[in-house]
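Atoms within a ligand are numbered from 1 in the order they appear, just like the ligands themselves. If you're wondering where the values come from, they're calculated on a predicted model, not measured in any experiment.
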Amino acid sequence: MSSTASGKNGTWRNWGGNVSARPARQVAPASVQELAAVVRRAAEDGLKVKAVGTGHSFTSIAATDGVLIRPQLLTGIRRIDRESMTVTVEAGTPLKRLNAALAREGLSLTNMGDIMEQTVSGATSTGTHGTGRESASIAAQITGLELVTADGSVLTCSEKENPEIFAAARIGLGALGVVTAITFAVEPVFLLTAREEPMPLDRVLAEFDQLWAENEHFEFYWFPHTGNTNTKRNNRSAGPEQPVGQLAGWFEDEFLSNGVFRVAQWVGRAAPATVPAIAQISSKALSGRTYTDIPYKVFTSPRRVRFVEMEYAVPRAALVDTLRELKSMVDRSGLRVSFPVEVRTAPADDITLSTASGRDSAYVAVHMFRGTPYQAYFTAAERIFTGHEGRPHWGKVHTRDAEYFARVYPRFGEFTALRDRLDPERLFQNDYLRRVLGS
Ligand SMILES: Cc1cc2nc3c(=O)[nH]c(=O)nc-3n(C[C@H](O)[C@H](O)[C@H](O)COP(=O)(O)OP(=O)(O)OC[C@H]3O[C@@H](n4cnc5c(N)ncnc54)[C@H](O)[C@@H]3O)c2cc1C
């Protein structure tokens, strides 16, 4: 998998292949000063500015026809502070590099998403999250931020310094400035025991509250056209370390989850009528397993099969109804859905436009294999999610606009007022931000 969005003939493309753009110029500044100069020059030239990560967003949130700021020269660890237990990293640092560097120092983040290809700034700017009972998104682990604002000045914020900016800028959608460095809270590295187990959907839904309450990190994948799920429970453990064996790891993570899965997706795309039968087989292919390892090795795994995704956060109390409605919609629709639906949770947090802002949340993610028409499925799923006051992931396909967001985010006006203050001329504007924040 190429982890970075590709560019040919000056065209920028995202990982999912569903968004492309032709920036007027592309730059890769190597320092905060260089970056500030790029921002000032773009303003003088009347061009918009957009910083990009690795292009793993499925929305056009990172697309621009102005100046595209690439992350690759703004990477690395600036400082590890063992007294405050924090790490400060350059904004373009890939999460995988951060995780490996922390592990070498005997440290770890508390929670992670499914993959670690993204940059720290790209991942946090859209609210990238994993699953957790008490621990929230990656942005919720931020304790300080440094950004270059529209006038080219460098601004820092934390809970104590510019707290109103800190509240919003941790998930800033690229709308408030270009993030140049991020400070994260870290803790001594610990072990997680993962228990993966197939379970009937009816049982998962009947026992969802208990499964959530009894596990630090609970998630499951439901296979449409079947009543089957794979569940995953991650809990801290005293060890000993028991990583997935190399051969078993290769077989389950590479061969079954990526290799065979890719072939199944090809067959399903060419002959949609086979999808329900393939889903029955896929959902039974992975057996139960238990392993114990350091956090990022348990939370993340490679994703080599390309897809397009929509994900909504609904109130956690609405999860079971949402899933039942989704299943009955798929059963009645004649749709052929070859990709599992992923379900995760997050506790309420205090970030202005976090999908979990002020609300205990459950995430429901629907996917389609790249190249398969997804509109009919996503439109029907989105109707169900919005019926539960769902909040879409900022980096995943959705059709919502500012009017909707003003309804489902009580602090929406706080974010747009801050944007008016920090970027009155809309230097960081693009079509996506015009739609979701208003002009
Ligand atoms: C295979 C795959 C797996 C995924 N798994 C998960 C998951 O488990 N959980 C989850 O929540 N999401 C997941 N996502 C979504 C992904 O984490 C987000 O879309 C994330 O924002 C992508 O990060 P990126 O570095 O590619 O940023 P990009 O997509 O390139 O950019 C995202 C946003 O960040 C802004 N940005 C980037 N750098 C800066 C900067 N320096 N300053 C200001 N703004 C900046 C961009 O302008 C844009 O608005 C997944 C996506 C894929 C393709």
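The shortest N or O to N or O distance between A62 and ligand 1 is not under 3.5 Å. The distance criterion of under 3.5 Å between nitrogen or oxygen atoms is met by G53 with respect to ligand 1.
Taking all heavy atoms of G395, A91, S57 into account, the minimum distance to atom 19 (O) of ligand 1 is reached by S57. Closest to atom 24 (P) of ligand 1 by heavy atom, among L433, T54, N14, is T54. Across A51, G174, A175, heavy-atom proximity to atom 47 (O) of ligand 1 is greatest for A51. Counting only non-hydrogen atoms, the option in G177, G113, G55, P71 that gets closest to atom 43 (C) of ligand 1 is G177.
Distances from ligand 1 to the non-hydrogen atoms of K396 include at least one value under 4.0 Å. Using 4.0 Å as the threshold, G16 has no heavy atom nearer than that to any atom of ligand 1.
The proximity of F58 to ligand 1, defined as any non-hydrogen pair under 4.0 Å, is limited to the side chain.
For the pair L319 and W212, the minimum side-chain heavy-atom distance is 4.5 Å or more.
Taking the six-membered ring wherever Trp is involved, the centroid distance between the rings of Y404 and H398 does not fall below 6.0 Å.
Applying the 6.0 Å contact sphere to CD of E389 captures no more than 12 heavy atoms from other residues, nucleotides or ligands.
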